[in-house]
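Have a look at the structure below, then the notes.
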Amino acid sequence: MKKHNFSAGPCILPQEVLQQASEAILNFNNDDLSLIEISHRSKPFMDVMEKAISLVKELLEVPKEYSVMFLQGGASLEFLMVPFNLMKKGGKAAYTNTGAWAKKAITEAKDLGEVVIVGDSSDKNYNYIPKGYEIPMDVDYFHCTSNNTIYGTQMKEFPSTPALLVCDMSSDIFSRTIDVSKFDLIYAGAQKNMGPAGTTLVIVKNKILGNNGRKIPTMLDYNTHISKDSMFNTPPVFAIYVSMLTLQWLKDKGGVQWIEKINQKKADLLYREIDRNPLFEGAANKEDRSNMNVTFLLKDNSKEEQFNKMWTNAGINGIKGHRSVGGYRASMYNALPIESVQVLVDIMRKLEQN
Ligand SMILES: *Cc1c(COP(=O)(O)O)cnc(C)c1O
C-alpha cells in the first residue's frame, strides 16, 4: 500500500500522474523515445509546453493581458527576479514579513533598493497574518506570501493597494480560487501543488514589465522568457511535463473550485480534531490557519514517542514539524486524499483513549 504522504514539499502527486510520468520516461508519445531524450524544440515537447501554459490559464482564469512562464531556479530565484524587474533604480518596495520565505525575499530585494516592512509577525514566531497595515503610496510594488508553509498560516484576504501586487503562492496555488486580475505578478515553485521540483510558475501582467530603468541580466529578465515562450534555453522538460499532467488531472476532476471544497473538508476534519482533542493544540492563530499546512503540538511531550510510533506504523509520512516551530505539520496538498486525513485523525483519537 502507498503511504499517507503529508510531506511539506516536494509533496504528494496523484498516483495516476506518477504512472503516466513513468511511462513517458520509457516511451513518450509511442515514439520509442524517452521524454527526457528528445529535443525540447520537437513538436511533441512543444505541445507539452503549450498545453501546460494553456491549462494554467484555464484553471486560474488568467486574463489575456497576462503571460504565463515556466522558469527554473525555484521560488527562491523569484525573490531576486521580482525586484530586478519591478523595482526602479533607487526605488522602494513594501514587504510583509510573515516567515522564513518572506525574509529571504526581503533579503534579495534589499540589495536592489529600499524595503519597507509593512506587516510583521516575527514577534510571535510568525504564528499569525499581520493585518491593518498601510502600504505607502510611493512604493514600486507590494510583496506578500499567501501561505506560510512552515508556520501554517494563510492569507484569507489580500490588501487592495494602488501599488503593484506581487505574491509568492508557492504553497497554495491551485488549492483555492483566486482572482488573478487583482495581482500583477504571481509566482510559485512547482513542488508544492503542481509537480516535481525543477520549475517555477510565473504569471505576470505584461504592461508592468520593461520600464524600471534597470539593466536586467538576460536570464533574470521576464521579457526574455516571455518572448521565447519559456524556451530561451533548455527548459526543465520533465518537471514541466509532470506539472502539465497534474494540471490536466485537476481539470478532469473538476478544477480549482472543486479542489477548494475538498481542501476545506480536509482542513475542517483535522482542525476539528486538534481543537477537540485535549492532548493537542494548534500552533497558528485560529483565524489565520492554513488549509494546506496544518501545524499542531502535543501538549504533553511524554506522549511523543507513543504518538510517533502510532502514525509511523499506520503508514503516515512527513508530519514532523519544521525545526523552527516544533511539534507536527500535516501538509494536505491537492493530491492528498481525505482518507489519509481520516487515518491521522483516528490515530489522534486512539492516543487520547489509551
Ligand atoms: C518552498 C517555498 C519557497 C522556496 O521554493 P524553492 O522552489 O525551493 O526555491 C518559497 N516560498 C514558499 C512560500 C515556499 O513554501
Side-chain angles (χ1 to χ4, degrees), residues 5-13 56 69-84 93 95-109 119-122 125-130 142-156 158 165-176 178 183 185-203 219-220 225 230 235-236 238-240 242-243 246 263 283-284 288-295 318-325 329-336:
N5 189 4
F6 290 85
S7 174
C11 73
I12 185 166
L13 291 171
V56 171
M69 288 167 266
F70 282 95
L71 306 181
Q72 300 185 65
S76 297
L77 189 60
E78 298 316 305
F79 298 161
L80 176 62
M81 285 177 78
V82 164
F84 245 122
Y95 277 69
T96 53
N97 177 19
T98 55
W101 297 118
K103 244 163 91 176
K104 287 185 171 167
I106 290 165
T107 301
E108 299 302 317
D120 189 340
S121 53
S122 59
N125 195 28
Y126 302 113
N127 75 353
Y128 68 101
I129 296 288
F142 164 71
H143 179 283
C144 56
T145 311
S146 59
N147 184 69
N148 298 285
T149 325
I150 294 173
Y151 315 88
T153 61
Q154 186 173 34
M155 294 174 77
K156 307 294 172 185
F158 295 91
L165 181 55
V166 177
C167 189
D168 175 0
M169 293 194 188
S170 290
S171 53
D172 67 355
I173 195 154
F174 298 112
S175 75
R176 57 173 170 171
I178 46 159
F183 296 86
L185 193 150
I186 293 168
Y187 63 89
Q191 69 275 18
K192 289 176 190 128
N193 233 349
M194 193 172 66
T199 191
T200 319
L201 174 66
V202 178
I203 303 169
M219 275 295 282
L220 301 186
H225 301 286
S230 299
F238 183 71
I240 294 168
V242 181
S243 297
T246 312
N263 287 334
D288 303 321
R289 283 173 163 177
S290 166
N291 282 3
M292 290 287 100
N293 313 96
V294 178
T295 48
I319 65 163
K320 263 209 116 61
H322 189 274
R323 60 191 179 279
S324 59
V325 178
R329 170 175 54 169
S331 297
M332 309 195 296
Y333 296 112
N334 285 352
L336 184 86

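Since the structure is predicted, the reported quantities are computational estimates derived from the model, not experimental observations. Numbers here are sequence positions counted from 1. Remember, it's 1-based here, ligands and their atoms both numbered in the order they're listed.
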| message | Test of understanding: with salt bridge (Lys or Arg N to Asp or Glu O under 4.0 Å), list the residues that count as partners of Arg329, not counting sequence neighbours. | response | none
| message | Could you report the tightest heavy-atom contact between Leu71 and Pro236, atom names first, then the distance? | response | O-CG, 4.5 Å
| request: Return the protein residues near ligand 1 (heavy atom under 4.0 Å from any of its atoms), ordered by chain and residue number. | output: Gly74, Ala75, Ser76, Phe79, Trp101, Thr145, Asn147, Thr149, Asp168, Ser170, Ser171, Gln191, Lys192
| task | State, to 0.1 Å, how close Thr145 and Cys167 come at their nearest heavy-atom pair, and which atoms those are. | result | C-SG, 4.4 Å
| said: Between Asn263 and Ser175, does the side-chain hydrogen bond (donor to acceptor under 3.5 Å, both in side chains) criterion hold? Intermediate values first, please. | reply: CA-CA 7 Å; Asn263 287 334; Ser175 75; 4.7 Å; no
| Nearest atoms (heavy-atom pairs only) where Ala109 meets Pro83 | CA-CG, 3.8 Å
| task | Classify the angle between the aromatic ring planes of His143 and Tyr95 as parallel (below 30°), tilted (30 to 60°) or perpendicular (above 60°). | result | parallel
